[in-house]
Amino acid sequence: MANDSGPPELVLFDLAGCCVDSSLNFAPAELAAAIGVTEEEIHALVFASGFDQECDLGLHSETAILERFRRLGFPGDRDDLRRAWAKAFIPDRAVIDLAIALRSEGVAVATLSDNGPVLLAAIESVVTPVAIDEHVFSCMLGATKPDPAAFLAALEFLDARPQQTFFVDDNPVNVLSARRLGIRAEQANKAADVESALRSVGLLRAR
């Protein structure tokens, strides 16, 4: 292991708001049109109801999520739902390039995302596999950020130490929670800020 004061061995990126842009409504227009309801009704059924948070915590399987939408009138199959869900997540190409550069320097790269099983199943259609070693989603962990349990479970899953991990998130509350656990962390979302944060801990020396 490298010295704890040296460059991190693992960079842990937030997904939505850092690696990708998210509409926060996961393509409601497409689902609303398919089901025959309004976008406002989709928001109420998924977000205001707490169903989305339950999915993030892993309380509903992908099959159960599909069945819920079918009961509402969604005519598609599992792949159709994955495509509709993934369309709301637009990769930030500049940040993805930074992740690829990190991996080329031998740094492990992972995501830590508060998301459910549908996006997890579709994630390689959103973020190219060459950019990320592992995707760690809250639905795998049973906890969401900023709960310390989410960070600790992610580190255990990745076999990583807090002192050798660098976490980048657009939410300052999540950054503070990570720091309290001994994880080096910075708030950033724009690619230029992400790059600056990475350089501040001695990464991207080859760029």
Checklist line | Closest non-hydrogen atom pair between Val173 and Pro146, with its separation | finding: CG1-CG, 3.7 Å
Item checked: Ile132 reachable from Leu10 in the ILVMFWY side-chain graph, under 4.5 Å edges -> yes
Item checked: Validation row: Cys18, Val194 side chains within 4.5 angstrom (heavy atoms) -> yes
Item checked: Check: Leu203 and Leu102 side chains under 4.5 Å, non-hydrogen atoms -> yes
Notebook entry, point to check: Phe47 vs His43 aromatic rings, parallel, tilted or perpendicular, using cut-offs 30° and 60°?
Noted result: parallel
Checklist line | Expected output: side-chain Glu41 to main-chain Thr38 donor-acceptor under 3.5 Å | finding: yes
Check: Is the side chain of Arg184 donor-acceptor paired with the backbone N or O of Phe166 at a distance under 3.5 Å, no angle test?
Finding: no
Checklist line | Nearest non-hydrogen partners of Ala150 and Leu141, listed with the distance | finding: O-CD1, 3.5 Å
Next item on the list: Report the residues that fulfil salt bridge (Lys or Arg N to Asp or Glu O under 4.0 Å) with Glu40, sequence neighbours left out, ordered by chain and then residue number.
Entry: none
Next item on the list: Taking the side chain as every heavy atom from C-beta outward, state whether Ile96 and Asp92 have any pair of such atoms under 4.5 Å apart.
Entry: no
Checklist line | In one Ile/Leu/Val/Met/Phe/Trp/Tyr side-chain cluster, 4.5 Å: Phe137, Val46 | finding: yes
Next item on the list: Calculate, to the nearest 0.5 Å, the distance between atoms CG and CG belonging to Asp147 and Asn174 respectively.
Entry: 10.5 Å
Side-chain donor/acceptor pairs under 3.5 Å, residues 112-123, sequence neighbours excluded:
from, atom 1, to, atom 2, distance (Å)
Ser113, OG, Asn115, ND2, 2.8
Asp114, OD1, Lys145, N, 3.1
Asp114, OD2, Lys145, N, 3.3

Item checked: Connected-component partners of Leu57 among ILVMFWY, side-chain separation under 4.5 Å -> Leu59
Margin query: Restricting to salt bridge (Lys or Arg N to Asp or Glu O under 4.0 Å), what partner residues turn up for Glu62, sequence neighbours left out?
Written below: Arg78, Arg82
Margin query: According to side-chain hydrogen bond (donor to acceptor under 3.5 Å, both in side chains), who are the partners of Asp80, at least two apart in sequence or on a separate chain?
Written below: Arg83
Item checked: From CA spacing to verdict: side-chain contact (heavy atoms from CB on, under 4.5 Å), Asp14, Asn171 -> CA-CA 9 Å; Asp14 175 37; Asn171 188 331; over 6 Å; no
Notebook entry, point to check: Is the shortest heavy-atom distance from the side chain of Val95 to the side chain of Val168 under 4.5 Å?
Noted result: no
Check: How many angstroms lie between atom CE of Met140 and atom NE2 of His135, to the nearest 0.5 angstrom?
Finding: 10.5 Å
Margin query: Measuring from atom CD of Glu134 to atom CG of Leu12, what distance do you get when rounded to the nearest 0.5 angstrom?
Written below: 11.0 Å
Note to self: Donor-acceptor pair, distance only, cut-off 3.5 Å: does the side chain of Ser196 make one with the backbone of Ala192?
What the structure shows: no
Notebook entry, point to check: Quick one: does Val37's side chain get under 4.5 Å of Leu72's, heavy atoms only?
Noted result: no
Notebook entry, point to check: Taking atom CG of Asp79 and atom CG of Leu81, what is their separation to the nearest 0.5 Å?
Noted result: 9.5 Å
Checklist line | Partners passing ring-ring contact (aromatic ring centres under 6.0 Å, His included) against His60 (at least two apart in sequence or in another chain) | finding: Phe51
Item checked: Polar contact flag, side-chain donor to acceptor under 3.5 angstrom, Asn189-Asp170 -> no
Next item on the list: If a pair satisfies side-chain hydrogen bond (donor to acceptor under 3.5 Å, both in side chains) and one of its residues is in residues 117-133, list it, with sequence neighbours excluded.
Entry: Arg103-Asp133
Check: Who passes side-chain contact (heavy atoms from CB on, under 4.5 Å) against Ser61, sequence neighbours left out?
Finding: Thr63, Ala64
Note to self: Listing request: all ring-ring contact (aromatic ring centres under 6.0 Å, His included) pairs with a residue in residues 176-198, at least two apart in sequence or in separate chains.
What the structure shows: none
Notebook entry, point to check: Does any non-hydrogen side-chain atom of Ile90 lie less than 4.5 Å from one of Val126?
Noted result: no
Margin query: Which heavy atom of Ala185 sits nearest to which heavy atom of Ala178, and what is that distance?
Written below: CB-CB, 4.0 Å
Next item on the list: Could you grab the distance from atom OG1 of Thr111 to atom CG of Asp169, nearest 0.5 Å is fine?
Entry: 11.5 Å
Item checked: Any Leu198 side-chain heavy atom under 4.5 Å of Val11 side chain -> yes
Item checked: Test log, rule side-chain contact (heavy atoms from CB on, under 4.5 Å), inputs Ile65 and Cys55 -> CA-CA 8 Å; Ile65 294 168; Cys55 293; 3.6 Å; yes
Next item on the list: Would you name the heavy atoms of Ser49 and Arg68 that are closest together and state the gap between them?
Entry: OG-NH2, 4.1 Å
Notebook entry, point to check: Who pairs with Pro148 by side-chain contact (heavy atoms from CB on, under 4.5 Å), at least two apart in sequence or on another chain?
Noted result: Ser177, Leu181
Checklist line | Carboxylate-amine/guanidinium proximity below 4.0 Å for Arg199 and Glu195 | finding: yes
Margin query: Would you say Leu176 ends up clustered with Leu155 if hydrophobic residues are merged whenever their side chains have heavy atoms under 4.5 Å apart, either directly or through other cluster members?
Written below: no
Next item on the list: Measure across Val109 and Ala99 and return the closest heavy-atom pair with its distance rounded to 0.1 Å.
Entry: CG2-O, 3.8 Å
Next item on the list: Could you tell me the separation between the CZ atom of Arg93 and the CG atom of Leu98, rounded to the nearest 0.5 Å?
Entry: 13.5 Å
Notebook entry, point to check: Taking only residues two or more places apart in sequence or in another chain, which ones pass salt bridge (Lys or Arg N to Asp or Glu O under 4.0 Å) with Arg180?
Noted result: none
Margin query: Would you say that Val201 contacts Pro8 through its side chain, given a criterion of any heavy-atom pair below 4.5 Å between the two side chains?
Written below: yes
Check: With sequence neighbours left out, what residues match Phe151 under ring-ring contact (aromatic ring centres under 6.0 Å, His included)?
Finding: Phe167
